[in-house]
Amino acid sequence: MKPALFSVLCEIKEKTGLSIRGAQEEDPPDPQLMRLDNMLLAEGVAGPEKGGGSAAAAAAAAAAGSPTDNSIEHSDYRAKLSQIRQIYHTELEKYEQACNEFTTHVMNLLREQSRTRPISPKEIERMVSIIHRKFSSIQMQLKQSTCEAVMILRSRFLDARRKRRNFSKQATEILNEYFYSHLSNPYPSEEAKEELAKKCSITVSQVSNWFGNKRIRYKKNIGKFQEEANLYAAKTAVTAAHAAAAAVQNSQTNSPTTPNSGFQMKDEEFQLDSAENKNTLLTNMFTGGYPAPCYQSDGRIQ
DNA sequence: TGCGATGATTAGGT
DNA sequence: ACCTAATCATCGCA
């Protein structure tokens, strides 16, 4: 910027008491503008050059409940965010420069006019504030669209649904084993969930999600899961047989296993009596027979 | 590429 | 807080 113009701007500043550079930020305490500013600051788009963005990304990733450090996606997110940030800053600078230049231009015109007519400081102030209002509304739009872009970016990268990965085969195996061996009451306790989570290398809430999904899907279409149920029943039968063999050697007077009340969904009379079903499955497994169908094709009990 | 499977989210209930 | 049920969005296979 040319020194001559700059001195003019300083002159305006002195005369009007307006801050030319940052008029938009400090003049009206507009709540919406403040919201936008706060959000941009929180997302690391506005504010200090480095660190903010990654902090926001890390916080968001933590909120999304991602235990592994998917650093590839992270850096991708950061790259996109800094792209937005760069665009935002260059645009902002462009607007400020344009605002200043335009102000200078108007001031020059007023100066020339001052040779032919008297110009009051009031008039100058009015002109300058008009210009600033115009430019700050443009700036508001910029901030708004930047916020939108960040929100879209966030939803694309940080929405857990978008980066869903199937659990490992082992994990699914472990979960299924638990589910089918507790079919009469497939509601693991907090401790059980923690243990399953540990075994499967997933979070406790993922275990809860899995059981929630499994219960509802099993209930909806038991027929579909029959084969799977048989498979895991056989599997647990083998381990149970080992355990039983060991137990029998110790004592013959063991109390019977826990009484089963049946798989009952909350608030619903939905007695599967699946413990009995499982026992049938097991005995059939051992005798080589195939279990009699216990459920109708629509999933209801016969 | 279509479609079923599947993990995550949401709304509404207790 | 935890559940069910519906739904969303992606995965993975034929």
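By convention in this document, chain letters (A, B, ...) are assigned in the order of the sequence lines, proteins followed by strands, and residues within each chain are numbered from 1.
- A:Lys214 comes within 4.0 angstrom of no nucleic acid atom, judged by non-hydrogen atoms across all strands.
- Distance from the side chain of A:Lys193 is smallest to C:dC3 among B:dA8, C:dA5, C:dC3.
- For A:Asn166 against B:dA5, a side-chain-to-base donor-acceptor contact under 3.5 Å is absent.
- Across C:dT4, C:dT10, B:dG7, the shortest atom-to-atom separation from the side chain of A:Ile216 is found for C:dT4.
- If you check distances only, the side chain of A:Arg164 never reaches the base of C:dG12 with a donor-acceptor pair under 3.5 Å.
- One finds a salt bridge joining A:Lys214 and A:Glu228 here, because a Lys/Arg side-chain nitrogen approaches an Asp/Glu carboxylate oxygen to under 4.0 Å.
- Contact check, A:Gln206 against B:dA8: a side-chain N or O comes under 4.0 Å of OP1 or OP2.
- Using a 4.0 Å cut-off, some side-chain N or O of A:Lys220 falls inside it from OP1 or OP2 of C:dA6.
- The side chain of A:Arg165 places no N or O atom within less than 4.0 Å of a non-bridging phosphate oxygen (OP1 or OP2) of C:dT10.
- Out of C:dA5, B:dG7, B:dA8, the shortest distance to the side chain of A:Trp210 is found at B:dG7.
- Applying the salt bridge (Lys or Arg N to Asp or Glu O under 4.0 Å) criterion to A:Lys235, with sequence neighbours excluded, gives A:Glu173.
- Residue contacts shown for A:Arg217 include a base, since a base heavy atom lies under 4.0 Å away.
- Nearest heavy-atom pair across A:Arg215 and A:Pro186 is NH1-O, 2.9 Å.
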